[in-house]
Amino acid sequence: MRGSSGSCMGDEEGGVGERRSGEPDFLSSLHARFKSIATCDFDDNKTRSAVLSQRRLSTTYSAPVAASHSAPSAASPIASITSELDKLTPRFDVSADSIEIIKSPSDFFEALKFKIAKARRRVYLSTLYVGKTEYELINTIRIALKTNPELTVSILTDYLRGTREAPRPSCASLLASLINDFPDRMEVRLFHTPNLTGVRKAILPKRINEGWGLQHMKLYGVDDEIIMSGANLSDDYFTNRQDRYHVIKSKEVTDFFFRVYRTVSDLSYRVLPSEKESSGFVVEWPESNVQPAPLLDPKGYIAAATKALAPFTKVPSRSPAVSEKPTDTHIYPLLQLTPLLKPDTSTELPALTTILHALSTPALSGSRWTFTAGYFNMTPDVRQLLLSSQPASATVIAASPWANGFYGSKGVSGMLPAAYTHLSRRFLDAVSSAGLSDQIALKEWRRGTVNTPGGWTYHAKGIWITFPGAQQAGPSISLVGSSNYTKRSYSLDLEANTLIVTSNADLQRRLGEEEKWLQEYAKVVTKDDYAKTERRVGLHVRIAMWIVTLVGGAL
């Protein structure tokens with residue numbers, strides 16, 4: 001029987017997701033200090049990240065975008081896209097059948113356990129957190145290590161989320177038990193953002209401090225395969241929290257992300273079991289790590305991290321896995337490592353911007369797309385690019401308030417579903433103002449009601465793009481990974497994604513099936529729906545937005 005997850009998993013990925021009482025008092029204390037935030041429009045220019053503005057001035061970011069404005073010179077829509085992406089990020093040519101798409105949370109969990117059980121050389125798992133009662137997963141890893149003496153296992157989580165409950169049982173204490181049994185072959189790392197140090201770290205409560213940045217990459221690598229997802233490793237993500245999961249059976253792709261994983265791990269604290277500590281563990285900064293530690297010298301740490309990570313965002317003279325023979329499927333690994341790169345050479349936002357700009361060119365006008373995110377708070381720039389894409393038809397999928405993990409929470413957390421509803425309504429207003437109501441539909445995903453029997457939450461994110469033309473079997477482009485496409489994703493957290501570009505008819509068909517089945521529980525919403533009593537929002541929505549703005553602009 002699966003154990004229920006504790007507060008280590010939280011309800012959402014933001015720092016206010018855990019349900020506790022006493023939040024109104026905390027909110028009152030913040031009111032005076034953050035009064036200026038109350039007058040901010042949530043996606044007005046005042047709340048945009050300065051990082052995004054700076055990137056527009058950088059050579060890395062602006063050159064590809066400028067090229068996208070011009071008419072593509074390539075012979076096909078796919079070639080026009082890949083010619084621009086090849087300037088931004090490494091490319092891996094793979095066979096279409098090396099990509100497997102998993103449908104449900106339970107299938108994801110079963111696939112992950114099966115792969116770990118059969119692992120021969122390595123398992124590396126990067127996640128925001130492991131649920132503190134995930135004994136089934138831990139037992140699977142333990143058996144795999146016992147069965148195969150050649151196997152090594154490494155897990156990377158976030159420091160703040162992983163130690164939130166300490167000295168009570170936590171994510172870190174659960175994982176420390178594995179280190180105790182396999183000290184030479186088991187490793188646990190905790191990434192700590194350099195944005196939260198000194199006095200700020202000392203005074204901010206745990207409920208809020210995660211808003212200054214998290215380790216958010218979801219990389220589940222086993223031997224020469226990797227599962228790219230937005231899911232974390234906890235009970236709801238294995239049972240009733242819908243996400244996306246792409247298995248990529250490619251040594252080259254898996255190796256690339258392992259090198260990224262290994263570098264971030266060497267920029268992270270190490271967990272060691274401890275019988276003396278009531279928490280059951282201690283953390284240390286190994287001498288073998290990239291130096292210095294973020295809590296001792298944040299500026300020096302960022303400089304060292306930039307030197308270590310920048311090579312992963314540069315295009316090699318020849319992409320490492322480009323086949324000599326023409327292939328019909330390409331994978332572009334996209335990284336958003338903004339907190340660790342100065343200057344910021346992250347590749348996800350430039351790649352997404354390049355693609356969306358290209359959709360507004362004559363050659364790609366009339367494409368179809370679907371965009372989804374677990375939290376409906378795309379940046380204003382992304383929203384504008386979607387509205388400018390001139391689609392033949394398009395769909396935006398958002399979580400219904402009753403499929404939002406914050407639904408029913410106490411205090412501030414319980415206000416957030418209404419805040420996202422408010423943003424959805426404003427998106428519909430923008431669609432109407434642009435004269436695109438016949439082309440762009442907004443759908444809300446709901447499968448039962450959260451926290452009731454049979455109730456699910458929605459956490460899927462990504463984009464599918466189908467080019468114009470009768471011969472198109474389905475989407476030629478799909479983006480999957482950890483990013484929520486929010487201000488926070490592009491300024492505070494570490495994100496990892498894969499962009500698939502394919503002309504293979506079978507893979508296009510399978511991507512199209514994924515695009516459709518994620519809408520099985522999604523229904524179109526209109527302005528009339530938002531006029532209903534249960535959808536009306538008031539002052540509590542603005543209060544929730546204060547908190548969202550406070551913790552980085554998105555959750």
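- The two residues Arg244 and Ile463 have their closest heavy-atom pair at NH1-N, 4.0 Å.
- Contact annotation: the side chain of Ile397 never approaches that of Phe371 to less than 4.5 Å [non-hydrogen atoms, C-beta and beyond].
- Phe191 and Asp158 get closest at one heavy-atom pair: O-OD1, 3.3 Å.
- The main-chain N or O of Ala79 is found under 3.5 Å from a side-chain atom of Ser76 such that the two form a donor-acceptor pair.
- The side-chain contact (heavy atoms from CB on, under 4.5 Å) test with Val123 is passed by exactly one of Ile155, Val222, Asp223: Val222.
- The two residues Tyr129 and Tyr237 make their nearest non-hydrogen contact at OH-CE1, 3.3 Å.
- With hydrogens and angles ignored, the 3.5 Å screen pairs no side-chain donor or acceptor of Ser98 with any backbone N or O of Val94.
- The side-chain contact (heavy atoms from CB on, under 4.5 Å) test with Thr329 is passed by exactly one of Asp97, Ile99, Val501: Ile99.
- Between the side chain of Thr147 and the backbone N or O of Ala144, no donor-acceptor pair lies under 3.5 Å.
- Note: Glu165 CD to Ser279 OG = 12.0 Å, rounded to the nearest 0.5 Å.
- Ring-plane geometry between Tyr159 and Tyr269 is classed as perpendicular, the angle between the planes exceeding 60 degrees on a 0 to 90 degree scale with a lower cut at 30.
- At least one side-chain heavy atom of Ser229 sits under 4.5 Å from a side-chain heavy atom of Tyr245.
- A salt bridge is absent between Glu134 and Lys132; no separation between the charged side-chain nitrogens and carboxylate oxygens falls under 4.0 Å.
- Of the possible polar contacts, one joining the Ser126 side chain to the Met217 backbone as a donor-acceptor pair under 3.5 Å is found.
- Here the straight-line distance linking atom CG of Leu340 with atom CG of Leu335 works out to 11.0 Å at 0.5 Å rounding.
- Ser177 and Asn180 are not linked by any side-chain donor-acceptor pair at a separation below 3.5 angstrom, with hydrogens and angles left out of the test.
- The cationic atom of Arg142 (NZ for Lys, CZ for Arg) does not lie both less than 6.0 Å from the six-membered ring centre of Phe182 and within 45° of the ring axis.
- Using a distance-only test at 3.5 Å, with no hydrogens or angles considered, no donor-acceptor pair links the side chain of Ser170 to the main chain of Ala166.
- Taking every heavy atom of both residues into account, Thr502 and Gln508 meet most closely at O-NE2, 3.2 Å.
- Between Phe256 and Phe312, the ring planes lie perpendicular to each other; the angle is over 60°, past the 30° to 60° tilted range.
- Between the side chain of Gln519 and the backbone N or O of Glu515, at least one donor-acceptor pair lies under 3.5 Å.
- Of the candidates Arg120, Lys251, Arg121, Lys249, Asp224 forms a side chain to side chain donor-acceptor pair (under 3.5 Å) with just one, namely Arg121.
- Closest approach of Ala398 to Tyr458, counting heavy atoms only: C-CD2, 4.4 Å.
- Just one of Gln336, Arg488, Gln215 meets the side chain to side chain donor-acceptor pair (under 3.5 Å) condition when paired with Asp493; it is Arg488.
- Note on ring orientation: taking the six-membered ring where Trp is involved, the planes of Tyr124 and Tyr261 are tilted (angle from 30° to 60°).
- For the pair Lys113 and Phe109, the cation-pi test (distance below 6.0 Å, angle within 45°) is passed.
- A distance of 4.0 Å separates CD1 of Ile78 from OG of Ser476, quoted to the nearest 0.5 Å.
- Side-chain contact between Asn497 and Val480: absent, with no pair of heavy atoms (C-beta onward) separated by less than 4.5 Å.
- Residues Thr486 and Ser489 bring a donor and an acceptor atom of their side chains to less than 3.5 Å of each other.
- Between Arg270 and Val188 there is no side-chain heavy-atom pair separated by less than 4.5 Å.
- With rounding to the nearest 0.5 Å, the separation of OH in Tyr375 from NE2 in His459 is 3.5 Å.
- Taking the side chain as every heavy atom from C-beta outward, His330 and Thr82 approach each other to under 4.5 Å.
- Asn289 is not listed as a side-chain neighbour of Leu267, based on a closest heavy-atom distance of 4.5 Å or more.
- Going from atom CD1 of Ile116 over to atom CG of Leu151 covers 9.0 Å, rounded to the nearest 0.5 Å.
- Between Leu125 and Leu156 the shortest side-chain heavy-atom distance does not fall below 4.5 Å.
- In this structure the side chain of Lys201 reaches within 4.5 angstrom of the side chain of Leu295, judged on heavy atoms.
- We find the NE2-CG distance between His216 and Asn232 to be 6.5 Å, quoted to the nearest 0.5 Å.
- Of the possible donor and acceptor atoms, one in the side chain of Thr306 sits under 3.5 Å from a partner among the backbone N and O of Lys342.
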